[in-house]
Every structure is written in structure tokens, then in C-alpha cells.
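First comes the structure, then the notes that go with it.
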Amino acid sequence: MNRAASAKAPRVKGWCPGAHRPMASGDGLVVRVRPQMSRLDRTQACRLAELAIGYGNGVIDLTSRGNLQIRGVDQDRHGALLEALMDAHLLDATAEDEARRNILTTPFWGQDGLTENLYPRIVAGLRALPNLPAKMGIVLDTGAQPLLSLASGDFRFERGAQTALILRADGAVTGMEISPDTALSALADLAQWFVDSGGAQAGRMRRHLERNALPDGFQGHAPRRTGTTPQPGPCPEGYLLGAGFGAVDARGLIGLFADDAVVGLRCTPWRLFLLEGASKVATDCFVTKPGAHILNVHACPGAPLCEQGEIETRALAEALATRMPKGQSLHVSGCAKGCAHAGPADVTLVGADGKFDLVRHDAAWDEPSARGLSIDDVFKELTQ
Ligand code: SF4
């Protein structure tokens, strides 16, 4: 049984937190910033880091949808932080605009202008879309090769295998051929079909398509083959840097901008950020080379930082990272909600009543193969 249906299931909020509507956590408010095109220019990046130090705990979360979160904000300073974010052009005008602009953009754009062309057109049309469930999002996976197929999203703009551009409903194998001029109307049509066919009950496109046939007009064109997930190191746009668990040290981030060649920061869903314009990087704060174990494990903040956390997560994940067999994935989750990794891992440890449930080859919310393990039990189970 999916444990989300059980009485012990974690509380799932019916809205997506943002800056206007922050989420309360064990260490204060979590204020989520959604950068336009998943990018900040150098002024914005440095300002966000200063605000994380001045208003938060000095750590910025890089989320699995390429957003950035300031943690540990006092409720009574939230208004002042919003003003500062607005001054830095890091805040939407209203909470509704912020909630609708749930768009993950590939970090690899700039070759032919397609992504830069599409993004403002889609943003301009968001208010005209029908009301969709809060968790639904758009993915602009329009670099030379799709890379975001595993990232959470419901409406996927991708390069086609035989066509320049497609819009694909998440969960469908193929999508509809579109052009930049028809992208917005195609998105509106697909969103309207989702609503009219009762999609709100399923909440997400993929779940809806498990029980409902997508009309032929929305499919028929295959996407290009998905590329491999990038690793830390140089790339044509700059330099990719890794942040273990997506925790970006704000002071370390400011230090990276001492290099005048660095013009911006692009966010990714892979615990990597792209330092735009950098050709080499010297830092102790971030992962600069491929193959680091820490980038292969998932762990949410857990207890005591998250009020739903049943266990401390990251110290254990770090301790176990190097013990995992090569190529096997590990997810340590403070509760069954599984925020750090929305999918299966080879091994998932889930906090429950201060102990650990062990789930193999499934997600945090799935049925465990063992329950109520102590830390010693966990080490024994994983080193057998
Ligand atoms: S999975 Fe982790 S971050 Fe998410 S609600 Fe549970 S304890 Fe909190």
C-alpha cells in the first residue's frame, strides 16, 4: 500500500510555497525565489546571497526545480525581505503571478535563441491559462538536447526528434508539433483539456494520463533522445559547480563573483549551478570535479530544520554516501513526503517515529521492506 494513504502520511500542502507565501519550517520561514529563466545576473546573485546572510541562516537551498530558497527567516522580517527581493527584481508582483510562474528552464541556452524567445511569451500568457493544481509546472527543456525529462513538470517544451519544437504532456511518449508562435496557444489548449477532462482530481498530468487517453492532436511527435545528466566541470556556457544536498553556502557564492568574468548564475535541478562566464574556479565550498559521492545522495533538511522531520538526515546521508555500492542511489528522507527526491532510489531511508523505515527500489512514500530500524540496524542492512 502506498503509505501516503495511511494515517501516518505526512501533511501535503495544497499550495506551492514561494516568497509571497513562504513555508514555515523548524528553523523559521523558507522563502523561495523563482529566478526568471532559472537565472540570476551577477548583481542579483550577490544580492540574494547577502539577503540569505542578513535575513536567513546563510545557506541557500537549490531545489529540484531550480529555485532558490532562503531559510531561517523570522516571521517579523519577512516583509522587509520581500521589499529587498522586489528591489533586486527577484519577486513577482503578486502571490498569484509567483504561483503561476512555475517554470523550470534548461541551463543550456543561448545557441540559437529558442529558449530566450519562448520564455517571455509563455510568462506573458500565464494569467490567461485556466486554474491548474498548484503543483503543476512547465519545463522549458529546449537546449540542443533534452536533459530535464526526469525533473518534475507537467507541460514539457522539447526539441523534437524530427521536428524543431514539440509540447509534450508529462507521461505521454510523444508530443504535438509547435512553433514559438503557436507555443502559448498549444499550452492553453492542453491545459484546458486537462481541466475539462477532470485532471484537477488527479492533480498532475502524469497521474491523469494513467486513466485518461490524451487526444491524438496532442501527440504524435517524439522528443529528441534525452542526454546524460551533467557533472561538475567546465562547459561552453561557463563552469558547473555542485552543492551537496543543494545547500549553497552564501558566503562561498559571493566569493565566486570575485572573478569579473562571471556574469551570472543559472540554476539546475541536479544540485548543480552554472557559473556563467567562468573558465576556471577555485573554491572549497563547492564540488568542482565529477564523481563526488555527495552529489549522488539525496537528503532533505530533516529534523530539526523541518517541522515534519522525524530524523536528522544529512549527517547520516554523508556517512552512508561512500558506503553505497558504485552506481546505487541513496535517499534519506525526514518523513514519507520525500521532498528531496520525487522518485525511486535503490535505497531510501524514511524517518518514522524517530526510527528508520527502509524502502528498496521505490520512493519514500512507498511500502518499506523493513520498519523501525535503529542507526546500527541501518548500517548492518546496508553493508551486508
Ligand atoms: S521530506 Fe523532509 S523536508 Fe519534506 S516534509 Fe518531510 S522532513 Fe520535511
Side-chain angles (χ1 to χ4, degrees), residues 2-19 21-34 52 56-57 59-73 75 102 134-135 137 150-152 203-204 243-248 269-271 294 296-321 329-360 362-368 371-373 375 378:
N2 179 324
R3 76 164 96 191
S6 76
K8 292 292 290 178
R11 293 192 299 281
V12 177
K13 294 180 170 64
W15 48 275
C16 242
R21 298 184 65 197
M23 180 172 64
S25 193
D27 57 344
L29 299 181
V30 179
V31 177
R32 181 176 295 174
V33 172
R34 294 181 170 171
N57 62 7
V59 176
I60 301 168
D61 289 338
L62 176 57
T63 76
S64 60
R65 280 196 58 81
N67 293 316
L68 295 164
Q69 296 179 161
I70 298 177
R71 299 191 69 91
V73 177
Q75 176 75 56
N102 191 9
K135 300 275 181 193
L150 296 179
S152 175
R204 299 297 300 260
F245 310 126
V248 176
W270 312 299
R271 301 201 188 85
I294 198 74
N296 293 333
V297 296
H298 312 276
C300 69
L305 297 180
C306 174
E307 60 186 8
Q308 295 193 56
E310 298 272 353
I311 51 165
E312 291 185 32
T313 51
R314 289 184 172 167
L316 177 63
E318 260 188 278
L320 289 172
S329 53
L330 169 69
H331 178 192
V332 182
S333 186
C335 75
K337 195 172 165 192
C339 295
H341 181 58
D346 291 304
V347 171
T348 301
L349 295 165
V350 184
D353 297 329
K355 299 260 187 178
F356 300 87
D357 289 352
L358 172 62
V359 182
R360 287 195 186 269
D362 248 326
W365 47 85
D366 286 317
E367 189 64 24
R371 291 180 186 272
L373 303 178
I375 286 209
V378 166

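Both counts, for ligands and for their atoms, begin at 1 and track the order of listing.
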Note: ligand 1 atoms sitting under 4.0 Å from heavy atoms of Gly338 are 1 (S)

Relative to the heavy atoms of Gly309, which atoms of ligand 1 are at a distance of less than 4.0 Å? 7 (S)

Which donor-acceptor pairs under 3.5 Å do side chains of residues 298-306 form with protein atoms, sequence neighbours excluded?
| from | atom 1 | to | atom 2 | distance (Å) |
| --- | --- | --- | --- | --- |
| His298 | ND1 | Arg271 | NH1 | 3.3 |
| His298 | ND1 | Arg271 | NH2 | 2.8 |

Do any N/O/S atoms of Cys335 come under 2.8 Å of atom 4 (Fe) of ligand 1? no

Hey, what do you get for CD (Glu367) to CG (Asp357), rounding to the nearest 0.5 Å? 9.0 Å

Atom indices of ligand 1, in the order listed, that fall short of 4.0 Å to a heavy atom of Gly334: 2 (Fe), 7 (S)

Test side-chain contact (heavy atoms from CB on, under 4.5 Å) applied to Pro22 and Leu29, Val30, Val73, the passing residue: Leu29

Of the backbone atoms (N, CA, C, O) and the side-chain heavy atoms from C-beta on, which set of Ser333 has a member under 4.0 Å from an atom of ligand 1: side chain, backbone, both, or neither? side chain

Which atom of Ser333 lies closest to which atom of Thr313, heavy atoms considered: C-CG2, 3.9 Å

If you measure from CG on Leu68 to CG on Asp61, what distance do you get to the nearest 0.5 Å? 9.0 Å

Any N/O/S of Cys306 under 2.8 Å from atom 8 (Fe) of ligand 1? yes

Cys300 near atom 2 (Fe) of ligand 1 via N/O/S, less than 2.8 Å: yes

In this structure, CZ of Arg34 is separated from OG1 of Thr63 (nearest 0.5 Å) by 9.0 Å

